[in-house]
There are 2 protein chains.
Amino acid sequence: MPRSEVPDVVVRRLPTYLMALERMLARGEEVVSSAELGKVTGMSAAQIRKDLSYFGEFGRQGLGYEVEFLRDQLKRILQVDREWHIVVVGAGALGRALVHYREFTRRGLNIVAVFDNDPGKVGLPLGGLIIQPMCELETTIRRRHIEIAIIAVPPDAAQAVADELALAGITAVLNYAPATLRLDSDIHVAQIDPVASLQSITYYL
Amino acid sequence: MPRSEVPDVVVRRLPTYLMALERMLARGEEVVSSAELGKVTGMSAAQIRKDLSYFGEFGRQGLGYEVEFLRDQLKRILQVDREWHIVVVGAGALGRALVHYREFTRRGLNIVAVFDNDPGKVGLPLGGLIIQPMCELETTIRRRHIEIAIIAVPPDAAQAVADELALAGITAVLNYAPATLRLDSDIHVAQIDPVASLQSITYYL
DNA sequence: CTGTGTGAAGCTTTTCACAGCG
DNA sequence: CGCTGTGAAAAGCTTCACACAG
């Protein structure tokens, strides 16, 4: 299976293709060409063919791609053909919205624990879970072999939380706090910062 | 003022530099070198110097950059040295979290109206605002000269909402729905999709 | 014919390395 | 000296264009 040779920018486009294929499948479409998939995802047909070619030959010449087959292949490549366990740190407005976000469970991304350092919140129920104190973070992560964490705490606390997560053996972090995390390079970090997104949009207005 | 010649990838890095500079300023640091700024933001020193050079010469040879001055320049370039008015469409868990998100107002990004199509939600208070019905969308946007909208509705409704926003004269959209929006190319779209972010992380695990 | 898969070409972005300024 | 600003080189990514398969 090709790994290191695949550009990261290609991997980041695969979820978009997957999402489009899921929708086509729901509509009952059976076959799709790179040109059609391109129109729906906003990419060029050539780019889609090239991206897919990093992982194998999934299409049929003269015909296109079988939607369900390509969907399954992308799920396998992205490893989303199985269930993942996730912890959320921070039970503020954002943490609560994340726990209730239906698209996560729908895609096999299961939030199985929530943590907060506010004693007033610890013990309260949240979407079928109980908010746990930070001191239980490492034990919970290790006992349940959790690999992915979502950071939803205020910016000042983000790096400290990230350090704790690293110590607990987490290998992937989705960071919602507007802060650049300094972590070992073997930990994968993705950043979601609405302020940064808006600030690079206002440049063009 | 340079515009079209500046690569988009450069513009998208500026908010990260700005964020780091704000923190340095809060700590009382007065001067910073490209190497130091690089360490904090995770970029190379050369890249930072090159990025900044698209907009002018902000540093002093042998010394570095004056933190406050560079911060002000970046704010001016990104046009975040003024206040922006924003509408949020969708008053679910995510929309509510966005309305309460303190980093927005702190950075001059003011949510001034919230809309939802659920009659059970319309009229309810939310963070100092009243949830408005969708039929008031266009009037509100036009009367208050709003340029930026945040879409926080379920995936199936996203494209329809985007079309309404385009009709109402919106020029920038931040889309939280897991859907690729088809919009006129004169409308700037940024996508935030936690599922997609996680799905490209699981590839590497 | 239609539409994939893919080398090669073309373009963009990053890194290098150093002149030159304070 | 130390560190910026920047051409030039290197690396990376996208598009082109066509052989080839169904």
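All figures in this text were calculated on a predicted structure; none of them were measured in a lab. All chains are named by letter (A, B, ...) in the order of the sequence lines, taking the proteins before the strands, and each is independently numbered beginning at 1. The basis for the numbers below is simple: all heavy atoms, side chains too, and nothing from hydrogens, waters or symmetry mates.
Residues passing the side chain to side chain donor-acceptor pair (under 3.5 Å) test with A:Glu138 are A:Arg142, sequence neighbours excluded.
Going from atom CD of B:Glu57 over to atom C1' of D:dT6 covers 9 Å, rounded to whole Å. The interatomic distance linking B:Arg12 (CZ) with C:dT13 (C1') rounds to 12 Å, in whole Å. Between the P atom of C:dT4 and the OH atom of A:Tyr54 lies a distance of 18 Å, rounded to the nearest Å. Separating the CD1 atom of A:Ile48 from the P atom of D:dT14 is a distance of 12 Å, rounded to the nearest angstrom. Between the C1' atom of C:dT14 and the CG atom of B:Leu52 lies a distance of 15 Å, rounded to the nearest Å. Rounded to whole Å, the distance from CZ on B:Arg60 to P on D:dT4 is 13 Å. Note: CD (A:Glu66) to C1' (D:dG22) measures 16 Å, nearest angstrom. Between B:Lys50 atom NZ and D:dA9 atom P the separation is 13 Å, expressed in whole Å.
Annotation: the span from B:Ile192 atom CD1 to A:Tyr176 atom OH amounts to 7.5 Å, rounded to 0.5 Å. Within the model, atoms CG of A:Leu70 and CG of A:Leu18 stand 9.0 Å from one another, a figure rounded to the nearest 0.5 Å. Interatomic distance, A:Leu181 CG to A:Ile151 CD1, rounded to the nearest 0.5 Å: 5.0 Å. Rounding to the nearest 0.5 angstrom, the gap separating the NZ atom in B:Lys121 from the CD1 atom in B:Ile130 is 15.5 Å.
Proximity of A:Tyr65 to the phosphate of C:dT2: no side-chain N or O atom is located under 4.0 Å from OP1 or OP2. Using a 4.0 Å cut-off, no side-chain N or O of A:Arg13 falls inside it from OP1 or OP2 of D:dC13.
Between A:Gln61 and A:Ser53, the residue anchored nearer the 5' end of DNA chain C, judged by the nucleotide with its closest heavy atom, is A:Gln61. Of the two residues contacting DNA chain D, namely A:Asp8 and A:Arg49, the nearest-nucleotide position lying further toward the 5' end is that of A:Asp8. Comparing A:Leu63 and A:Gln47 by the nucleotide of DNA chain D that holds the closest heavy atom to each, the one mapping nearer the 5' end is A:Gln47.
We find that A:Arg13 and A:Asp51 are joined by a salt bridge, their nearest charged nitrogen and carboxylate oxygen being less than 4.0 Å apart. A salt bridge links B:Arg106 with B:Glu103: the distance from a Lys NZ or Arg NE/NH1/NH2 to an Asp or Glu carboxylate oxygen falls below 4.0 Å.
Of the candidate nucleotides C:dT6, D:dC13, C:dC16, C:dC16 has the atom nearest to the side chain of B:Ala46.
DNA chain C is contacted by A:Ser33, A:Ser34 of residues 29-44 of chain A, taking any non-hydrogen atom closer than 4.0 Å.
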